[in-house]
Number of protein chains: 2
Amino acid sequence: MKDTRWLSEIELDAWMAYVAATHLLERRVEEQLKADSGLTHAQYEILAKLSASPERRMRMTELARKVVVSKSGLTYQIGQLEKLGLVERTTCPSDERGVLAVLTDEGVRCLERTAPGHVAVVRAFLIDQLTPEELQAMARIMSKAAAVMTAAPGHSTEAPARRRGTGRRTAPG
Amino acid sequence: MKDTRWLSEIELDAWMAYVAATHLLERRVEEQLKADSGLTHAQYEILAKLSASPERRMRMTELARKVVVSKSGLTYQIGQLEKLGLVERTTCPSDERGVLAVLTDEGVRCLERTAPGHVAVVRAFLIDQLTPEELQAMARIMSKAAAVMTAAPGHSTEAPARRRGTGRRTAPG
DNA sequence: AGGGTGTAGTTCAAATTCGAACAACTAGAA
DNA sequence: TTCTAGTTGTTCGAATTTGAACTACACCCT
């Protein structure tokens with residue numbers, strides 16, 4: 001853990017701009033969704049994933065993995081969406097413990113009603129700012145990063161990961 | 001607000017990968033910081049901004065703007081960091097209402113102790129995944145986006161924005 | 001000077017998120 | 001079959017974040 005490779009100027013620029021842009025964009029998206037449909041970004045993402053899924057339904061754990069949220073976080077939001085009548089819970093036919101989150105017709109309508117405004121914000125502040133080359137680069141960069149993080153071990157949302165062999169996880173304070 | 005320009009396949013790819021990567025990265029960063037130093041990412045960002053500031057101090061409002069967090073959110077976190085002895089509050093000499101957040105020596109040490117592990121994560125999952133061209137592209141893209149969002153009106157953190165002329169803000173439910 | 005408008009930070013209640021603990025069920029080995 | 005380990009989803013408490021309301025102060029105009 002010695003002689004750290006610090007970030008070069010360009011690397012630091014890229015990182016700091018990324019962090020700032022991410023927070024700013026999240027604010028904008030959140031603002032637009034709340035004003036336009038009362039949804040949060042997390043809720044919109046859930047509806048979108050369900051909408052793109054076969055039969056418009058998905059197992060809780062898989063959905064949590066796709067939207068990158070904790071299992072308990074998903075339980076909470078599905079509860080909210082259920083109250084709103086946008087999603088229903090069904091017990092999984094093949095697995096008695098399983099729960100399927102199903103997008104309702106009302107959910108589909110809500111999504112269709114909400115999507116245009118959402119896309120407009122994403123375009124205005126990000127997509128439409130980019131040249132075709134930059135768009136390609138962005139897709140490549142983010143896909144690569146996502147792939148690496150999905151592959152690498154260490155998710156807290158994952159299995160308890162009983163320690164074997166060299167269990168060097170949580171360092172001293 | 002009709003005939004929406006939907007996202008093309010590449011645009012959708014870029015956006016979805018971006019959203020996923022962002023959440024995944026936030027998880028990793030948060031995980032590492034908590035395990036290694038007990039700090040949250042928000043706290044780390046505050047310390048970092050203060051550290052890079054002249055005299056290692058900054059006005060609350062400016063700091064909130066730089067780390068892209070609400071004023072009340074910053075008040076809370078500065079309170080936490082004060083408890084930990086990493087930051088101190090000083091009344092601003094030039095403005096009686098103002099508060100200066102000042103990084104303490106302990107705060108500097110904490111940051112120096114924590115930075116290597118943090119940088120390692122940022123490198124491993126993002127920076128080191130990129131070619132030099134992609135790094136350049138990333139810096140350009142994110143700077144552009146951040147600039148646009150900083151310039152465009154509509155921050156809720158900003159002034160109350162008394163309505164004049166065409167006051168068409170919050171749409172009907 | 002006197003007033004009115006705007007700004008700086010904090011307080012407050014509500015919403016959301018996470019991780020750990022838990023209960024129910026599945027699946028592979030003995 | 002029976003036992004044991006692993007999964008699945010929920011519940012719980014704690015921490016964090018936000019926007020609105022509020023107090024104190026600063027600045028401009030007459």
Side-chain angles (χ1 to χ4, degrees), chain A residues 23 26-31 33-35 38-46 58-65 67-84 89-101 154-162 164 169-170, chain B residues 23 26-31 33-35 38-46 58-65 67-84 89-101 154-162 164 169-170:
Chain A
H23 288 166
E26 185 60 20
R27 266 178 182 288
R28 297 292 188 155
V29 166
E30 209 70 67
E31 179 180 42
L33 283 175
K34 180 160 323 189
L39 293 175
T40 66
H41 192 198
Q43 291 169 347
Y44 183 93
E45 289 186 78
I46 290 170
M58 215 183 300
R59 288 288 292 270
M60 294 293 282
T61 297
E62 188 187 353
L63 186 51
R65 197 166 40 72
V67 300
V68 190
V69 77
S70 66
K71 286 185 300 172
S72 52
L74 182 62
T75 292
Y76 174 77
Q77 284 300 6
I78 291 293
Q80 297 298 304
L81 292 171
E82 218 173 8
K83 279 188 203 164
L84 296 174
R89 267 185 244 247
T90 310
T91 57
C92 181
S94 63
D95 188 336
E96 190 61 28
R97 336 164 258 185
V99 171
L100 283 168
H155 285 277
S156 53
T157 306
E158 300 297 324
R162 66 283 165 78
R164 289 184 309 179
R169 283 294 161 75
T170 56
Chain B
H23 288 165
E26 186 61 20
R27 265 178 183 288
R28 296 294 188 153
V29 166
E30 209 70 67
E31 178 180 44
L33 282 175
K34 179 161 323 189
L39 293 176
T40 66
H41 192 198
Q43 291 169 346
Y44 183 92
E45 289 185 78
I46 290 170
M58 214 182 302
R59 287 288 291 269
M60 294 293 281
T61 296
E62 189 188 354
L63 185 52
R65 198 166 39 73
V67 299
V68 191
V69 78
S70 67
K71 286 185 302 173
S72 52
L74 182 63
T75 293
Y76 174 77
Q77 284 299 4
I78 291 293
Q80 297 298 303
L81 292 170
E82 218 173 6
K83 281 188 202 165
L84 296 173
R89 266 187 244 247
T90 310
T91 57
C92 181
S94 62
D95 187 338
E96 190 62 27
R97 349 166 246 181
V99 171
L100 283 167
H155 285 276
S156 53
T157 306
E158 299 297 324
R162 66 283 167 81
R164 286 184 312 178
R169 284 296 161 74
T170 55

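The chains referred to below are lettered A, B, ... by the order of the sequence lines, with proteins before strands, and numbering in each begins at 1. These values consider heavy atoms only, across backbone and side chains, with no hydrogens, waters or symmetry-generated copies.
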What does B:Gly73 touch in the nucleic acid at a heavy-atom separation under 4.0 angstrom: a base, only the sugar-phosphate, or nothing?
base
Side-chain N or O of B:Arg89 versus OP1/OP2 of C:dT10: is the shortest distance under 4.0 Å?
yes
B:Tyr76 side chain N/O closer than 4.0 Å to the phosphate oxygens (OP1, OP2) of D:dT16?
yes
Selected nucleotide, minimal atom distance to [X] side chain, candidates [options]:
X       : options                : answer
B:Thr40 : C:dG19, D:dG9, D:dT16  : D:dT16
A:Lys71 : D:dT16, C:dT16, D:dT8  : D:dT8
A:Val99 : D:dT17, D:dT16, D:dT10 : D:dT10
A:Gln80 : C:dT16, D:dT16, D:dT17 : C:dT16

Would you kindly compare B:Gln43 and A:Thr61 by the position of their nearest DNA chain D nucleotide and give the one closer to the 5′ end?
A:Thr61
A:Arg65 CZ to D:dT7 P, straight-line distance once rounded to whole Å:
13 Å
Answer yes or no: side-chain N or O of A:Ser72 and base N or O of C:dG19 forming a donor-acceptor pair under 3.5 Å.
yes
Determine whether any donor atom in the side chain of A:Arg97 lies under 3.5 Å from an acceptor atom in the base of D:dT7, or the reverse, and answer yes or no.
yes
Between B:Val69 and B:Gln77, is there a side-chain heavy-atom distance shorter than 4.5 Å?
no
